[in-house]
Structures are given as C-alpha cells and as structure tokens.
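One structure below.
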Protein chains: 2
Amino acid sequence: MFYQLLKPYIDDSIKRSFKRGDIIYHEGSSPQNIYLIDDGLVGLFHLAESGKETFLRVFGKDCIFGHRSFFAGTNYHATSIALKKTEVSIISKAQCDSICQGHPELMKEMVKLMANDLGSAELRLAGIQDKTAKTRIIESMIYLKHKYPEQVWTRKEIAEHAASTMESVARVMTELNDSGLLVKEGRDFEIPDTEKLLAESIQKSS
Amino acid sequence: MFYQLLKPYIDDSIKRSFKRGDIIYHEGSSPQNIYLIDDGLVGLFHLAESGKETFLRVFGKDCIFGHRSFFAGTNYHATSIALKKTEVSIISKAQCDSICQGHPELMKEMVKLMANDLGSAELRLAGIQDKTAKTRIIESMIYLKHKYPEQVWTRKEIAEHAASTMESVARVMTELNDSGLLVKEGRDFEIPDTEKLLAESIQKSS
DNA sequence: CGATAGATTGAGAGTTTTCAACCGATGTGG
DNA sequence: CCACATCGGTTGAAAACTCTCAATCTATCG
C-alpha cells in the first residue's frame with residue numbers, strides 16, 4: 001500500500017543490499033532515511049547491554065521501516081538487522097518530507113499503521129504479565145510462521161519475540177511435536193492446525 | 001497542543017464528568033468518539049481475565065485519549081478509567097473526520113504522538129526482559145510522580161505500570177525509604193533527588 | 001567431510017510472585 | 001467527635017515458573 005503510493009517517487013532512490021545478520025541501522029543513531037524493502041526480510045531488535053535481545057517487529061517485501069523514528073523526530077530506539085538477503089530502497093528525509101507534504105492520504109495511512117503497531121506492542125506488554133511463557137511462545141510461533149512461512153525461524157528469534165529463551169522454546173516445541181500439534185522438520189517446523197494450537201496455548205502450561 | 005488546535009471546534013461538544021474508578025470506555029467496544037480532558041486524570045488499562053491489570057498510558061489535562069483505536073479503525077484494545085474527578089469533552093467521529101480533513105498539520109502531530117508512544121511501549125517491552133523488577137518499579141515511580149506530582153499514586157498503580165506486584169513495590173519503597181532515596185509520606189511519597197534514585201535503579205537489585 | 005551455527009536436554013538456581021495475616025490511614029454516619 | 005468500615009499498605013514465608021549453565025547432539029554448508 002505504501003509501496004504503491006511511494007513507488008512513483010522512488011525510481012531514482014538509492015538501492016542497497018544486505019545479507020543475513022547485517023545491521024542496517026543502529027539504535028541511538030539519527031534517522032536520515034526511510035527504508036523500503038524491495039525484497040527480503042528485516043527484524044527490528046532492541047539490544048540490551050546485558051546481551052538480552054528483544055525482537056520488536058518484522059518487515060517483509062514492500063514494507064517500510066525506520067519510519068517511527070523519522071516521524072517521532074527522535075533517534076532510533078532499536079536496531080534493524082537483515083534476517084536474510086535483502087534489497088532496500090533508501091528514501092531521504094527531504095524526499096520523504098516532500099512526498100508527505102503533497103499526500104495527506106499517505107499521512108492517514110501512516111497514522112493507521114502506527115496506531116495498529118502501538119496496539120500490538122501494548123497487547124504484548126500486557127501479555128508478558130498475564131500469559132505463561134508457553135502461551136507467548138506459541139503465539140509468537142504462529143505469528144512469525146504465518147506472516148513469513150518461507151523463513152526458517154530460529155528458536156532464538158522466536159524466544160526474543162516471545163520474551164523468553166531459546167531453551168524454553170526448544171522445550172515447548174518438543175512437547176508440541178510429541179502431542180502432534182506441531183511438526184518439527186529439521187530446524188524448521190510446520191503447524192498442521194493453527195486453531196488447535198491456539199487452543200492449546202490458552203491452557204495453563206503443564 | 002492538540003487542545004489548542006482542537007479548541008475552536010469543540011465549543012459545542014458534549015461534556016461529561018467521571019469520578020475516580022469510573023470506566024469511560026471498555027476494551028472491545030467500538031470507538032465512537034475521541035475524548036479530550038478538560039480537567040482530571042485518566043488511565044488506560046489492559047484487564048486480563050486472570051484479574052491481572054496492566055497500566056498502559058496516563059492522560060492528564062489537555063490530553064486526548066481514545067485516538068489510537070479511532071485511527072487504527074479497530075475496537076478498543078484496553079479500558080480507560082478515571083483516576084480522579086475528571087471532566088472530558090467528547091468529540092464525535094464525524095467531527096473528528098472533518099477536523100482532520102481540513103488540518104494536515106494536525107495529522108502530522110498525531111503521527112508524531114503515536115510514533116513516540118510506540119517507541120515508549122516497545123522500550124517498556126524490552127525493559128521487562130532485561131531489567132529487574134526493582135529497576136522497573138523505580139522507573140515507573142519516577143515517571144508517574146514527575147508527570148503528575150499531585151496525584152497520590154497507589155502501590156498497585158505503580159506495580160501495574162512496572163509489570164510487577166504491589167507487594168514488590170511496597171518492599172522497594174521501604175528499602176528506598178530506609179536508604180533515604182525516597183521519602184514515604186503516608187500513602188504518598190516524595191523523591192528528594194531524581195538523579196540519585198535513577199542511579200540506584202541501574203544497580204542490580206540487592 | 002569437517003567446521004560451525006543452531007538445537008536439545010538435564011539439573012540446579014534464583015528472582016518474583018503468591019498467599020496470608022496484620023497493620024494503618026482515611027472517611028463516613030450516627 | 002467517636003466508632004467502625006474500608007481501602008490501601010506492610011511483612012513474612014513458601015512456592016513456582018523460568019531461566020541459567022553446561023554438556024551433548026544435529027543440521028547445514030562450504
């Protein structure tokens with residue numbers, strides 16, 4: 001949607017490539033651009049000094065990222081990292097400003113996007129309080145797998161999205177695999193029946 | 001700021017009063033209005049079935065609330081509750097739409113507001129992972145007390161903001177009171193030196 | 001086929017929460 | 001103005017859910 005709106009303006013934008021693990025921008029630095037993904041997958045992470053990482057958001061083809069800091073007018077609060085080979089178009093501050101100027105309908109979309117992301121973030125915040133680790137892990141597995149099924153998500157990534165640890169994810173996956181609610185396939189996995197799995201997630205962990 | 005922009009349009013808006021504890025809108029219901037606080041204090045809470053509550057945001061004089069759901073186009077994801085005697089102006093959907101239509105500068109402010117709130121929510125999310133309960137409690141005490149110093153914040157409210165429990169808040173407050181970093185005054189408290197208290201919060205809990 | 005990143009599993013530790021009992025402040029009606 | 005009801009706060013002890021640590025195993029890829 002943004003892509004459709006932005007497309008006419010980005011033909012002359014700068015392109016860059018990243019491979020898995022590459023950092024696109026760092027927490028704390030000042031936003032000079034908005035990024036648009038032509039192809040690939042990017043994760044937004046908060047990296048704590050303790051070494052703990054939190055997987056905040058994921059962006060795929062045709063998504064923009066870096067927009068939050070841009071519109072907030074603050075430095076980046078998190079670090080964006082390529083999760084696979086990724087091609088992005090870089091839209092400069094000046095370009096952004098001029099595009100926004102002439103397109104109020106785009107601002108409406110931007111408001112909507114961030115309103116939704118804010119809702120999700122707050123629901124996750126609340127979920128850490130009242131949901132068990134198992135429930136959160138199942139929800140994160142479903143979320144990530146459904147959003148980007150071709151990606152082989154690591155236990156660590158799922159854990160960082162669920163506010164847990166990779167060991168706990170491994171344990172939950174083994175348990176679900178044994179009960180048939182999930183099928184482990186090497187490092188990847190499949191979800192045969194999302195509804196059933198969601199139902200399981202609601203039970204108190206055993 | 002919103003208040004200044006909105007003021008000319010809300011002279012004929014509906015006013016309503018609430019007393020402490022009154023629910024203004026419920027999670028799950030459909031947003032019909034945006035609310036503007038003429039005077040008072042409102043908290044946004046997520047109420048889990050387990051009984052656990054999460055204190056998501058606080059709104060004081062001249063703040064708007066209910067805007068996230070309005071702009072997301074979804075039902076409320078949380079419940080707003082008056083924290084003291086509060087007067088609000090109610091701005092209807094239709095009024096909102098027409099105001100937004102004619103005022104792109106207002107949409108820019110709205111984008112900025114939500115971009116900042118999204119950043120805060122995600123930082124809190126990350127903080128639950130890598131900060132101790134004591135650190136979060138101190139941060140929430142400072143945040144709430146500095147934002148609305150006249151309010152007598154309860155241990156429970158602080159706990160629900162810090163993703164902890166009122167017992168833990170009571171214990172931290174007793175400890176800080178004994179070390180002089182905080183002064184308990186009946187149910188209220190004062191912070192003699194915010195910098196010192198912040199420094200304390202960074203230490204690992206003892 | 002070796003090297004390396006990722007996954008698994010067990011046992012133990014530990015921060016917080018939970019539960020429960022009690023205390024103290026605040027506010028109201030008689 | 002006192003007595004009592006209630007709401008909020010305090011404290012201790014025990015429980016518990018997860019995490020941490022460590023060793024081992026298994027994919028995957030050059």
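Please read these numbers as outputs of a predicted model, since none were measured by experiment.
Aromatic pair B/His26/B/Tyr76: ring centres not closer than 6.0 Å.
Distance CD (B/Glu185) to C1' (C/dT26): 16 Å, rounded to an integer number of Å. The CD1 atom of A/Ile137 sits 14 Å away from the P atom of D/dC17 (whole-angstrom rounding). A/Lys134 has its NZ atom 18 Å from the P atom of D/dA16, to the nearest Å. Atoms NZ (A/Lys131) and P (C/dT17) sit 19 Å apart, rounded to a whole Å. Taking atom CE of residue B/Met166 and atom C1' of nucleotide D/dT10, one finds them 10 Å apart after rounding to whole Å. Here the P atom of nucleotide D/dT18 and the CG atom of B/Asp130 are 19 Å apart, to the nearest Å. At whole-Å resolution of the value, CE in B/Met173 and P in D/dT10 are 7 Å apart. With rounding to whole Å, A/Leu176 atom CG is found 12 Å from C/dT8 atom P.
For A/Ala133, the listed nucleotide lying nearest its side chain is D/dT18; candidates were C/dT8, D/dT18, C/dG6. Listed candidates were D/dT20, C/dG6, D/dT10. Nearest to the side chain of A/Lys52 is D/dT20. For A/Lys184, the side-chain atoms get nearest to C/dT8 when compared with the rest of C/dT16, C/dT8, D/dT10. Checking D/dG9, D/dC21, C/dT17 against every side-chain atom of B/Ser164, the shortest atom distance belongs to C/dT17.
Residues A/Phe65 and A/Val88 are in side-chain contact: their nearest non-hydrogen atoms beyond the backbone lie under 4.5 Å apart.
Between B/Thr174 and D/dT11, a side-chain N or O to OP1/OP2 separation shorter than 4.0 Å is present. Close to C/dT17, at under 4.0 Å from its OP1 or OP2, lies a side-chain N or O of B/Thr165. Between B/Arg155 and D/dG9 there is a side-chain polar atom (N or O) within less than 4.0 angstrom of OP1 or OP2.
Counting non-hydrogen atoms under 4.0 angstrom, B/Ser168 reaches a base of the nucleic acid. A/Arg187 comes within contact range of at least one nucleobase, with a heavy-atom separation under 4.0 Å. Within 4.0 Å of A/Ala163, counting heavy atoms only, lie sugar-phosphate atoms of the nucleic acid but no base atom.
Between the side chains of B/Ser120 and B/Glu122, no donor-acceptor pair is found at a separation under 3.5 Å.
Nearest-nucleotide positions on DNA chain C for A/Glu167 and A/Arg20 put A/Arg20 closer to the 5' end.
Atom CZ of A/Arg124 and atom CD1 of A/Ile128 lie 7.5 Å apart (nearest 0.5 Å). Summarising the geometry, atom CG belonging to A/Leu113 is positioned 6.0 Å from atom CD1 belonging to A/Ile64; distances are rounded to the nearest 0.5 Å.
Interface remark: the A/Arg171 side chain does form a donor-acceptor pair with the D/dT20 base, using a distance-only criterion of under 3.5 Å.
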